[in-house]
Amino acid sequence: YYTRSIPCSPAHCCNDVPVSLPPAGTQFQYLVVEKKGAKQNVGVIQLNRPKALNALCDGLMNEMNQALDFFEKDPDVGAIVITGSEKAFAAGADIKEMQNRTFQECYGGSFLAHWNRVSLVRKPVIAAVNGYAPRMFLGKYCTMVNFCVIVSASSRQTQMPVLTGNCGSLNILFMQRANGKCLSQSSRINSIQTLAPSLQLWLWSFLGVESAYSEAEKKKDRPWGSEGGGGIRAYPLQPPAVSTPSPLP
Ligand SMILES: C=CC(=O)SCCNC(=O)CCNC(=O)[C@H](O)C(C)(C)COP(=O)(O)OP(=O)(O)OC[C@H]1O[C@@H](n2cnc3c(N)ncnc32)[C@H](O)[C@@H]1OP(=O)(O)O
């Protein structure tokens with residue numbers, strides 16, 4: 001759980017008595033939540049459900065929202081990092097929990113609506129990804145990572161190319177700043193290429209394109225993320241020329 005061991009800030013004076021944030025006694029079953037860094041100003045949320053490869057069950061996502069609330073309100077926290085374990089960032093939605101739910105339940109009950117909290121945090125949220133992260137980056141069912149700002153790190157075990165997530169994620173930040181909307185995947189990708197090319201280049205150079213590009217993807221010699229329908233390539237220097245689809249025969 002999370003303890004506060006740094007000196008008081010004016011906004012949070014505790015008269016030298018250690019303060020626990022979130023409120024003392026808050027225990028997380030599925031997360032390790034702590035503040036890190038020399039200035040203790042980075043809120044770190046580590047997914048901690050190893051037996052299920054950090055699959056995102058309701059309990060985990062509720063705790064995630066709680067932790068995000070705490071960090072967003074904490075004036076000492078400048079940025080939030082969400083990370084997993086070495087083997088898995090997260091195995092996506094908890095499919096065991098989902099398997100018996102009917103369409104009506106999901107649709108009527110706003111299934112997964114509480115997953116959006118991370119996209120509303122008004123501080124940078126960085127997803128530090130290692131290991132398995134199926135369906136976390138691309139496709140119809142974009143999950144948590146797509147609502148974060150930057151996805152860093154890479155791993156051969158990551159099933160989706162890491163950089164793909166970076167583009168979508170950073171772009172969401174951009175679009176949130178611009179108009180508060182999360183656009184469709186292709187719009188996001190297009191817009192970052194047209195509206196924020198320098199930001200994109202900066203991000204790519206920051207992350208090191210080559211190191212984020214898995215050997216497996218290299219061998220396939222195809223656009224990153226094409227499996228998920230995104231069709232994204234690494235364009236370290238120039239955005240792609242817009243191609244017109246060939247007419248149907
Ligand atoms: C919003 C929509 C989505 O996110 S849909 C995407 C849902 N995710 C998936 O479909 C991934 C499913 N998992 C896998 O394909 C594999 O687990 C793997 C490739 C990620 C890893 O394979 P590995 O062989 O290394 O591990 P296990 O398959 O043995 O898994 C260990 C343990 O974790 C449980 N588990 C894994 N993924 C999930 C999940 N998404 N939901 C619930 N539980 C999951 C798995 O059942 C094993 O537990 P056990 O008690 O031994 O059955």
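In this chain, residues are counted from 1 in sequence order. Excluded from the calculations below are hydrogen atoms, water molecules and symmetry mates; all remaining heavy atoms, backbone and side chain alike, are included. When a ligand or atom number is given, it counts from 1 through the structure's own listing order.
Of the heavy atoms in Ala55, only side-chain atoms (C-beta onward) come closer than 4.0 Å to ligand 1.
Residues Asp74 and Lys35 are paired through a salt bridge, judged by an N-O separation under 4.0 Å between the basic side chain and the carboxylate.
Between the side chain of Gln29 and the backbone N or O of Gly59, no donor-acceptor pair lies under 3.5 Å.
Around atom 48 (O) of ligand 1, the closest heavy atom drawn from Glu97, Lys96, Arg49 belongs to Lys96.
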Could you list the donor-acceptor pairs under 3.5 angstrom formed by side chains in residues 101-109, with sequence neighbours left out?
unit_1	atom_1	unit_2	atom_2	d
Arg101	NH2	Asp58	OD2	3.0
Thr102	OG1	Glu105	N	3.1
Glu105	OE1	Thr102	N	3.3

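Within the structure, the salt bridge (charged side-chain N to carboxylate O under 4.0 Å, His left out) test picks out the following pairs touching residues 42-52 (sequence neighbours left out): Arg49-Asp94.
Here's the thing with Ile95: one of its N/O atoms is less than 3.5 angstrom from an N/O atom of ligand 1.
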